[in-house]
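In what follows, a single structure is set out as structure tokens and then discussed.
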Amino acid sequence: MTDRKSLQTTLIHSDYKAPDGFGAFPTAIHHASTVLFKNVAAVRSRNWQDKNSYTYGLHGTPTSFTLEARLAQIEGGEHCLLAPSGLAAISMVDLALLRSGDDVLIPDNVYNPNRELGNWLARDFGISARFYDPLIGEGIADLIQANTRLIWTEAPGSVSMEVPDIPAICRAAKRKSTGTQKVYVAIDNTWSAGIAFRAFEHGVDIVMQALTKYQSGGSDVLMGAVITRDKELIHRIEMAHMRLGYGVGMDDCYLVLRSLPTMKLRFDAHDAAARTVAAWLKARPEIAKVLHPAFADCPGHETWKRDFTGAGGLFSVLFDARYGEDQTDRFIDSLRLFKIGYSWGGANSLCVPYRIQSMRASWRDQGQLVRFNIGLEDPQDLIADIEQAFAALRAA
Ligand SMILES: *Cc1c(COP(=O)(O)O)cnc(C)c1O
């Protein structure tokens, strides 16, 4: 064979090599569906679950492996798996650990798609899904049955903001576990970004993160992660990941990697601004209650004070019951800096209403619930924006 190839072949077989001696901070973006093996022996010996080698793009490239390793480290875990959204990460845990005849316990204030998934598994897949009072604490022991395999927690619930006693729930789950049947505790730790709550140190087995929020920080990426300290457990979850084909895009991984160095600075800024805005709201006659874990009247506040080191930008308020939905809708429509939309963790402040009265029986008589995500704007400007929108509320 000569060195002269057809143009077609040359277009495909480039001579490009990464420059020797090149170093820089960013992780390179390695795209791949096909991953090449040196020879057949390598094909036969390589294991897709081994994070020291590569087999196929769906199982990861050096870019996604780097992100997984960094996330495990941030959360204080050992092993991490990425999923194409936070919700996909939740479903991966459910499908890995639950089979027909099993039981899962889910807090009543959980992120609603998690509840939807539980109800779906119960309706169509022969799994029992039961919902518990998020403030149940060690009392959850009474709900744990012989077929209970998994307890979901969320700290705090990202709409009504009750802070659960995670160590108490974990103690109960451990007490009820047997040598062969473990009751796993999973936490949706998105609110704290893994910064303000060190879940593994409080006894949790599985941490789930919606990287869509603070880890991305740009309102532009959807991604999720599941983290454990236990290798057996991550292998089970990996099987679900593989069977479901939950690949992630490497450009998205890069965006998250690029945002991680500033995550704590952003989180702390969200936290400080949110407390400023929430404190201002608390003094207003339009507001019946501020649901912010750092505030003494938030259910579970004492637990937050004991177990958490910060708060982040998300909280809710209950309007005075004299204001109906039409009026609070008018209030939200009158906001200028706050945009209307789901999600959080980005630089822009957001606001969204929830019909808490129909979501939770015990909240039937409450006023209208509005959730704020405090972004990175000057909090005084945000307060001025809310103040002018209150005028529209009162005029309505
Ligand atoms: C956003 C969010 C999720 C889901 O994340 P997606 O990437 O949007 O699927 C799960 N749990 C909580 C608490 C969230 O806020």
Side-chain angles (χ1 to χ4, degrees), residues 64 67 71 75 80-95 104 106-120 131 134 150-164 166 186-197 199 204 206-227 241 244 246-249 252-253 255-256 259 263 266-267 270 274 291-293 300 304 308 311-316 340-346 348-354 356 359 369 371-375:
S64 60
L67 178 55
L71 293 167
E75 201 77 41
C80 173
L81 268 173
L82 299 173
S85 68
L87 183 55
I90 293 170
S91 69
M92 194 159 82
V93 172
D94 280 0
L95 295 171
V104 56
I106 301 173
D108 207 20
N109 62 347
V110 81
Y111 173 70
N112 198 53
N114 187 335
R115 179 188 199 93
E116 277 294 317
L117 177 62
N119 282 330
W120 187 37
F131 297 90
L150 175 65
I151 302 172
W152 269 105
T153 62
E154 187 176 317
S158 60
V159 174
S160 48
M161 308 306 285
E162 302 97 323
V163 185
I166 301 288
I187 186 171
D188 183 334
N189 206 22
T190 304
W191 184 82
S192 86
I195 292 172
F197 185 68
V204 166
I206 301 164
V207 171
M208 170 263 149
Q209 280 286 346
L211 309 176
T212 307
K213 311 292 163 51
Y214 292 114
Q215 288 81 356
S216 140
S219 310
D220 55 357
V221 173
L222 289 157
M223 203 182 289
V226 173
I227 299 151
H241 183 270
L244 292 163
Y246 276 173
V248 295
D252 287 346
C253 289
L255 289 173
V256 177
S259 293
M263 180 165 76
R266 290 182 282 106
F267 186 86
H270 286 289
L291 301 168
H292 185 304
W304 176 84
F308 286 65
L314 195 82
F315 68 91
S316 298
I340 302 166
Y342 293 106
S343 199
W344 32 283
N348 289 82
S349 288
L350 297 170
C351 188
V352 74
Y354 284 89
I356 192 76
M359 289 161 72
L369 186 145
R371 191 180 79 176
F372 292 98
N373 162 52
I374 304 302

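Whatever order the structure lists ligands and atoms in, that order sets their numbers, starting from 1.
- Using a 4.0 angstrom heavy-atom cutoff, W191 does not count as in contact with ligand 1.
- Under the 30°/60° scheme for interplanar angles, the aromatic rings of H292 and F315 are found to be tilted.
- Close contacts between ligand 1 and E154 involve ligand atoms 13 (C) [criterion: under 4.0 Å to a heavy atom].
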Is there a side-chain contact (heavy atoms from CB on, under 4.5 Å) between M223 and L67? Walk through the geometry before answering. CA-CA 11 Å; M223 203 182 289; L67 178 55; 3.9 Å; yes
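- Of the polar atoms of L87, at least one N or O is found under 3.5 Å from an N or O of ligand 1, judged by distance alone.
- Nearest to atom 14 (C) of ligand 1 by heavy-atom distance, out of K213, M208, Q209, is K213.
- Atom 4 (C) of ligand 1 has its closest protein heavy atom at Y111 OH, 3.3 Å.
- When atom types are taken as modelled, the side chain of N373 and the backbone of N348 share a donor-acceptor pair closer than 3.5 angstrom.
- Of all atoms in ligand 1, listed by their number and element, those nearer than 4.0 Å to a heavy atom of W344 are 15 (O).
- Looking only at heavy atoms of the protein, atom 6 (P) of ligand 1 is closest to G86 N, 3.3 Å.
- Of the protein's non-hydrogen atoms, D188 OD2, 2.6 Å is the one closest to atom 11 (N) of ligand 1.
- Aromatic ring centroids of W344 and Y214 lie under 6.0 Å apart.
- Summarising the contacts of atom 7 (O) of ligand 1 with L211, L314, V221, T212, the nearest heavy atom is found in T212.
- Side-chain contact between P293 and M161 is present, with heavy atoms from C-beta onward closer than 4.5 Å.
- Not a single donor-acceptor pair under 3.5 Å links the side chain of R371 to the backbone N or O of L350.
- Tested against W152 for a side-chain contact (heavy atoms from CB on, under 4.5 Å), the candidates V93, L117, I206 yield a single pass: V93.
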